[in-house]
Amino acid sequence: MLTGQRRVGSLGGDRLDDAASADALGLLAAGRSGMLRYGYHGQRRGNGVSLFVTTYATPPRMIVFGAIDFAAAVARIGAFLGYRVTVCDARRVFATARRFPEADEVVVQWPHRYLATEVAAGRLDERTVVCVLTHDPKFDVPLLELALRQPLAYVGAMGSRRTHDERHKLLTEAGLSPQQLSRLASPIGLDLGGRTPEETAVSVAAQIVAARWGGTGRPLAALDGPIHRSG
């Protein structure tokens, strides 16, 4: 049994326990239940042991601000990763359900006002991911000021390095501490060399996964130790 990161009991072997715990934590983080199958020594391609994992958690949230083409790709990959996806933009002509079919909801609202409403209602938690793709200081500065004051899992913002420097200056003037500013992933994503919205979404998703599990973002071939972490 898992309670948070704490494991109680055993399935009969350390390797099997480690594999099952790591995969169960993944289901728990995604708020999903499911069947897991292993060999007797924890092989993930085995079929000797079957486990049904029941989780008691709602899916984590991903809130994408800025109804641009990149946002559609980020929403798709967020849904694929198991997030409950919200797309928010103040411009009604762009923020439509037709443009974002993979999103669970599309909201027409000023971004910082929507986030303030969700914070006040207690609908965000330490698993919540915020992606700011607006490229407009009047939207993203008040939004990021609020987001970086919350205990969220990830806050990322799209933009050039020049945009980042200007944004950093404005957020500092707004009173954010160096520690709070250090939590901002900007420019958003990992350096994969991508160009298209879909490739950019993969780099954003990779950074979110690395932040969730403490990954390095480096090639596995350059690392030692187990590929699948136990916690």
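It should be emphasised that the depicted structure is a prediction, and the values quoted were computed from it without experimental measurement.
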Looking only at non-hydrogen atoms, find the nearest pair between [X] and [Y] and report the distance.
X    : Y    : value
Y83  : R127 : CE2-O, 4.0 Å
T172 : L181 : OG1-CD1, 3.3 Å
V49  : G39  : CG2-O, 4.2 Å
P60  : G82  : CD-O, 3.9 Å
K138 : P142 : O-CG, 3.5 Å
L143 : V132 : CD2-CG2, 3.6 Å

- Task: Could you check V155, V85, V87, V204 and say which one makes a side chain to side chain contact (heavy atoms under 4.5 Å, CB included) with C131?
- Result: V204

- Query: Looking at V107, V106, V130, V64, which one forms a side chain to side chain contact (heavy atoms under 4.5 Å, CB included) with T86?
  - Reply: V107

- Query: With a 4.5 Å heavy-atom cut-off, do R84 and E105 have their side chains touching?
  - Reply: yes

- Given side chains that start at C-beta, do those of P137 and E166 come closer than 4.5 Å, heavy atoms only? no

- Message: According to ring pair (Phe, Tyr, Trp, His ring centres under 6.0 Å), does anything in residues 164-200 pair up with another residue at least two apart or in another chain? List the pairs.
- Response: H164-H168

What distance do [X] atom [atom1] and [Y] atom [atom2] have between them, rounded to the nearest 0.5 Å?
X    : Y    : atom1 : atom2 : result
L146 : H112 : CG    : NE2   : 8.5 Å
L144 : F139 : CG    : CZ    : 13.0 Å
Y154 : I188 : OH    : CD1   : 4.0 Å
H135 : D140 : NE2   : CG    : 9.0 Å
R149 : L176 : CZ    : CG    : 4.5 Å
Q109 : Y114 : CD    : OH    : 9.5 Å

Is there a path of hydrophobic side-chain contacts, each under 4.5 Å between heavy atoms of I/L/V/M/F/W/Y residues, joining [Y] to [X]?
X    : Y    : result
V119 : L171 : yes
L190 : L223 : no
M158 : V209 : yes
F80  : I63  : no

- Steps toward side-chain contact (heavy atoms from CB on, under 4.5 Å) verdict (D125, R61): CA-CA 8 Å; D125 60 29; R61 294 190 65 185; over 6 Å; no

- Counting only heavy atoms not in E173, do more than 12 fall under 6.0 Å of its CD? yes

- Item | Pair T163-S160, side-chain donor/acceptor within less than 3.5 Å | yes

Name each donor-acceptor pair under 3.5 Å that joins a side chain in residues 67-77 to protein atoms two or more places apart or in another chain, with its distance.
{"unit_1": "D69", "atom_1": "OD1", "unit_2": "R99", "atom_2": "NH2", "d": "3.3"}
{"unit_1": "R76", "atom_1": "NH2", "unit_2": "E198", "atom_2": "OE2", "d": "2.9"}

- Message: Looking at L152, is its backbone amide N or carbonyl O close enough to the side chain of R183 to form a donor-acceptor pair, meaning the two atoms are under 3.5 Å apart?
- Response: yes

- Is there a donor-acceptor pair under 3.5 Å between the side chain of R195 and the backbone N or O of G193? yes

